[in-house]
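Worth saying up front: this structure is predicted, and the values here are computed from it rather than measured. We count ligands from 1, going down the list as the structure has it; atoms in each ligand are counted the same way.
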Amino acid sequence: MNDIDQPTFPSSRRDFLKTSALVGVAASFGVAPRVMGASTPKARPRVFAGPIAISSRNGQQTVLKAIELIGAGADALDAVVAGVNLVEEDPEDTSVGYGGLPNALGVVQLDAAVMHGPTCRAGSVGCIEGIKYPSKVAKLVLERTDHVNLVGKGAQDFAVMHGFPIENLLTEKARLEWVNWRENMSTQDDYLPKHKPESTGIGEIAAPIKRHWGTIHCSAIDLAGNISCVTTTSGMAFKVPGRIGDSPIIGAGLYCDNTVGAAGSTGRGEANIENLASFLIVERMRAGDSPEAACLFACQRIADHTKLARLLDAKGRPNFNVQFYALNIKGEVGGAEILGGNGTFAAATPEGGRLVELAYLYKA
Ligand code: GLY
């Protein structure tokens, strides 16, 4: 599905219409294909259908912010980073930035990456601690270093050098979830959940603990027809300290090519890293796939490459989920997940925000 056909977000249309700078943008949305100038690095003609932003479902305000900034003339990279900053600073989203669930030791370690289509540059930070806006630091890695990836203490030192404060990112809500996980993971250690004097089997897990892989991805096309993207996350909840997921891996958690489109992901990062799926999706779109078909192709690739019994259900299907989101230079959008049925992602144009259905490989 590449239409934006779901209900608008609450208030989104009103918000767009009251922004006068966007009126002109709305008028240009859907313009006929045009060939970019001689400075375009590749011979392939670029088609531009107007500004658009997409994100994972938790980015409904993100895409509205991004499209608002794009309407005011912002570069797509600035717009998507400003959009995801709203979620990075939101203590209620326990999968991203401040308020994100910590690692196994109770420390919040964040991953983020950005890609800028016009310059074909990327930047990322992995396992950064104490910095609320890892996506901004990833953008600085792109802009102010000759590198692509910075990790751990080096990434934090770099952020501090650029004026970022070190903050406590562990909210009370996230700390309590971590304590609950830690106290209930085993009867073979000495951490005990609240219990009665007559209780036995303390710490016995009543049901498998659900693992969280939440993240936010956002891609956008700006008024110049340029594409950029960002992915930012606190990663897998209660992960092994030092683990990085797919989000800071260029080609896995995100990828864009200014002549083709962009893709990004949420979900189980390990599966995505092993298949470099965002790069795969962009290459499939280059070869002619729609965004949705390309995302489904990546889901199928992951399913085909999942061999270990512990990662398969009784029917031999992956027992984890990964979502992909993509847009192309024609302004078509699409997304897919391995296990689905009810999934959606967010998209916004100058006309407003929408939730769009995710296609899926297997019914969840
Ligand atoms: N996709 C987020 C992660 O695996 O860390």
Would a distance-only check, ignoring hydrogens and angles, find a side-chain to backbone donor-acceptor pair under 3.5 Å from [X] to [Y]?
{"X": "Thr233", "Y": "Gly214", "value": "yes"}
{"X": "Lys239", "Y": "Gln109", "value": "yes"}
{"X": "Asn275", "Y": "Ala277", "value": "no"}
{"X": "Asp111", "Y": "Ile244", "value": "no"}

Between Glu270 and ligand 1, which residue portion shows a heavy-atom distance shorter than 4.0 Å: side chain, backbone, both, or neither? neither

Measure the distance from [atom] to every protein heavy atom, then report the residue, atom name and distance (to 0.1 Å) of the closest one.
{"atom": "atom 2 (C) of ligand 1", "result": "Thr215 OG1, 3.0 Å"}
{"atom": "atom 5 (O) of ligand 1", "result": "Arg243 NH1, 2.7 Å"}
{"atom": "atom 3 (C) of ligand 1", "result": "Asp246 OD1, 3.4 Å"}

My understanding is that only one of Arg317, Lys315, Arg310 makes a salt bridge (Lys or Arg N to Asp or Glu O under 4.0 Å) with Asp313; could you say which? Arg317

For ligand 1, which atoms sit closer than 4.0 Å to a heavy atom of [X]?
{"X": "Gly269", "value": "4 (O)"}
{"X": "Gly235", "value": "5 (O)"}
{"X": "Gly245", "value": "5 (O)"}

Taking Glu143 first and then Arg121, would you say they form a salt bridge - that is, a charged N and a carboxylate O separated by under 4.0 Å? no

